[in-house]
Asker: 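Let me begin by handing over the structure; questions about it come next.
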Amino acid sequence: MPGSAPIDSSVPTRHPRASCRPTDDATPILEVFVHEDESDDPQVLAKVFDDRSRKHARNAYWMLFDPTS
């Protein structure tokens, strides 16, 4: 999770770590960012991460299996 400093909001999107680390079994990696400054409450951050991860996963599925939707 990127930190709360202003630089932390831009650097991770320019240098994604997942794309630099190929997996041994060619498993696709879905990268999701939640920034620390989105909330001071860890439970809220966990909910944001869960929601964002689910939405990214659905979008990835649609792009692969139903690109016209």
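Because the structure is a prediction, the values reported are computed rather than measured.
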Asker: With sequence neighbours left out, what residues match R52 under side chain to side chain contact (heavy atoms under 4.5 Å, CB included)?
Answerer: V32, V34, E38, V48, H56
Asker: Using the test side chain to side chain contact (heavy atoms under 4.5 Å, CB included), find all partners of D41 that sit at least two apart in sequence or belong to another chain.
Answerer: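 Checked D41 against side chain to side chain contact (heavy atoms under 4.5 Å, CB included); matches are S39, Q43, V44.
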Asker: Please report the closest heavy-atom contact between L30 and S53, naming both atoms and the distance.
Answerer: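 Smallest heavy-atom distance, with atoms named: CD2-O, 4.2 Å.
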Asker: Applying side chain to side chain donor-acceptor pair (under 3.5 Å), name anything that partners N59, two or more places apart in sequence or on another chain.
Answerer: none
Asker: Under the side chain to side chain contact (heavy atoms under 4.5 Å, CB included) test, which residues partner K47, sequence neighbours left out?
Answerer: none
Asker: Determine, using the 4.5 Å side-chain heavy-atom cutoff (strictly less than), whether F65 and W62 are members of one ILVMFWY cluster.
Answerer: yes
